[in-house]
Amino acid sequence: MERLSQIDSLNTAIGTNSVATNNKQSNDASSHSNVTNKKQPYISHQPDSNGHIHYSDDEHAMWQALLARQAEQTPNRACNAYLEGLTKLNLPTTHIPQLHDIDEVLQATTGWQTAAVPALISFGKFFKLLANKSFPVATFIRRFDDMEYIEEPDIFHEIVGHCPLLTHPAFAAFNETYGKLGLSATKEERWFLARLYWFTIEFGLVGSRVENRRIYGGGILSSPSETIYALDRTPQELSIAQNKPQSQPQSQPEHRAFDLLDVLRTPYRIDQIQPIYYVIDELDTLFDIVNSDIMGAVKKAMSLGLFEPTYPEKTR
């Protein structure tokens, strides 16, 4: 599942489709220092001379397992625009697709395309790609021991989590505008902008009425566990989704109506299922956000500071 990585400096490398945060305030949930350093790092595959990316049988098997599981969970949980986009992409079920196949669909719908990138790219490159309607995709897939949760954005997260909605004009316009804002923002402004991306594109819900509420955030839709948890919010169903006994009660997340200033002031953690989700009325609300004074709200959020976190402070 994609997480917005915390780094010591906004000039260093960050997760592929991630927006970095600063470490000046330890209360911000985007903080994590040595979690990813304790395991073998992921490395993206490089294309051959014909532009083809080769994956192992185990990697194809991981794709197949993830896709099959999400196919069971997304009906009645993912928003209709996502499901329609998934149909347009017509993803293969037995192997990882090549990016040029995804590009054909995106180009024909919203004029977007993918961009194969290493597991880590610079902050500036991330914003530049989005501003030019290119969606960065790291060409590796999670290991089986990371099936339920992954901090790094892998190809399953990018393709299955985000690309279906890149066929929708509002989602595409939001990403493009976000990239342009990020290019001209200061380091501290980017830190606050990170929360906007996190609580919309990554972990957003849509639908003002609870009975019609659905998922559009790619961080949720690419996580088998969080796809169940974000909407059903029952510990028993989350335990079933993870196919393991429930050892202790899982707290229920809070759904909050989207408010731009509140979103910009809400801290998050990248290493756990989210305690808070923000809800927009409909997907076209992303157009309204794009047309609002985002940077004015960022400046106001900077002056007011962050809310108190709703999660336990991370032990180091």
Side-chain angles (χ1 to χ4, degrees), residues 2 4 15-19 51 53 67 70 74 77-92 96-117 121 124-139 153-184 193-194 196-207 214-222 258 260 278-292 294:
E2 179 167 5
L4 304 193
T16 304
N17 185 7
S18 303
V19 181
I53 300 173
L67 201 62
Q70 288 305 85
T74 50
R77 291 189 176 90
C79 67
N80 287 335
Y82 172 85
L83 296 174
E84 291 169 1
L86 201 58
T87 299
K88 292 174 184 176
L89 290 179
N90 192 26
L91 297 172
I96 300 171
Q98 295 297 311
L99 295 186
H100 59 75
D101 294 328
I102 306 299
D103 291 345
E104 289 182 9
V105 178
L106 297 183
Q107 284 282 305
T109 51
T110 57
W112 275 70
Q113 62 184 1
T114 62
V117 297
I121 62 174
K125 183 174 182 179
F126 169 71
F127 285 121
K128 186 175 182 179
L129 285 170
L130 292 187
N132 288 285
K133 302 173 73 170
S134 293
F135 202 78
V137 176
T139 50
D154 68 346
I155 193 168
F156 183 81
H157 169 86
E158 309 292 21
I159 299 300
V160 178
H162 289 306
C163 284
L165 276 173
L166 277 174
T167 65
H168 190 280
F171 190 90
F174 184 97
N175 275 276
E176 181 182 3
T177 299
Y178 186 85
K180 291 176 179 177
L181 290 176
L183 279 178
S184 58
L193 277 174
L196 176 58
Y197 205 83
W198 182 265
F199 288 112
T200 54
I201 302 305
E202 293 299 341
F203 292 93
L205 301 179
V206 57
R214 297 292 184 267
I215 303 165
Y216 75 95
I220 307 174
L221 290 167
S222 60
F258 183 90
L260 178 57
Y278 280 95
V279 186
I280 59 176
D281 290 339
E282 57 185 9
L283 208 58
D284 279 352
T285 301
L286 294 175
F287 278 132
D288 298 332
I289 298 172
V290 163
N291 293 326
S292 67
I294 294 176

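Just so you know, these numbers come straight off a predicted model, no measurement behind them. Below, all heavy atoms of this structure are taken into account, side chains as well, without hydrogens, waters or symmetry copies.
Using cut-offs of 30° and 60° for the angle between ring planes, the Phe203 and Trp198 rings count as tilted. Between Tyr197 and Phe126, the ring-plane angle classifies as perpendicular under the 30° and 60° cut-offs.
Closest of all the heavy-atom pairs between Leu165 and Cys79 is CD2-SG, 4.2 Å. Heavy-atom minimum distance, Asn175 versus Ile201: ND2-CD1, 3.8 Å. Closest of all the heavy-atom pairs between Trp112 and Glu176 is CZ2-N, 3.6 Å. The two residues Leu283 and Ala81 have their closest heavy-atom pair at CD2-CB, 3.6 Å. Nearest heavy atoms, Gly204 versus Ile220: O-CD1, 4.1 Å. Nearest approach of Gly218 to His162, heavy atoms of both residues: CA-CE1, 3.7 Å.
Taking the side chain as every heavy atom from C-beta outward, Val160 and Ser222 never approach each other to under 4.5 Å. Side-chain atoms of Val117 and Val137, non-hydrogen and from C-beta on, never get closer than 4.5 Å to each other. In this structure, Asp284 and His168 have side chains that are in contact, with non-hydrogen atoms separated by less than 4.5 Å. Between Phe171 and Leu166 there is a side-chain heavy-atom pair separated by less than 4.5 Å. A 4.5 Å side-chain heavy-atom check between Asn90 and Val105 finds every atom pair outside the cut-off.
Remark: Thr109 OG1 to Glu104 CD distance equals 12.0 Å, nearest 0.5 Å. Between the OG1 atom of Thr74 and the OH atom of Tyr82 there is a distance of 6.0 Å, given to the nearest 0.5 Å. Here the CG atom belonging to Leu99 is positioned 10.0 Å from the CG atom belonging to Leu106, to the nearest 0.5 angstrom. Taken from CD in Glu202 to CG in Leu221, the straight-line distance is 10.5 Å, to the nearest 0.5 Å. Summarising the geometry, atom OG1 belonging to Thr200 is positioned 3.5 Å from atom CZ belonging to Phe174; distances are rounded to the nearest 0.5 Å. Here CG of Leu83 is found 12.0 Å from CZ of Arg77. Values are rounded to the nearest 0.5 Å.
Each of Asp101, Leu91, Ile96 was evaluated against Ile159; a single residue qualifies, Leu91, per the side chain to side chain contact (heavy atoms under 4.5 Å, CB included) test.
A donor-acceptor contact shorter than 3.5 Å links the side chain of Lys133 to the backbone of Thr110.
Tyr278 is linked by a side-chain hydrogen bond (donor to acceptor under 3.5 Å, both in side chains) to Arg256, Thr266, counting only residues two or more places apart in sequence or in another chain.
If you check the side chains of Gln113 and His100, you find no donor sitting under 3.5 Å from an acceptor.
Ion pairing between Lys88 and Glu84 fails under the 4.0 Å rule for side-chain N and carboxylate O.
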Practice item. Verify side-chain contact (heavy atoms from CB on, under 4.5 Å) between Phe258 and Ile289, making sure each step is shown before the conclusion. Key: CA-CA 10 Å; Phe258 183 90; Ile289 298 172; 3.5 Å; yes

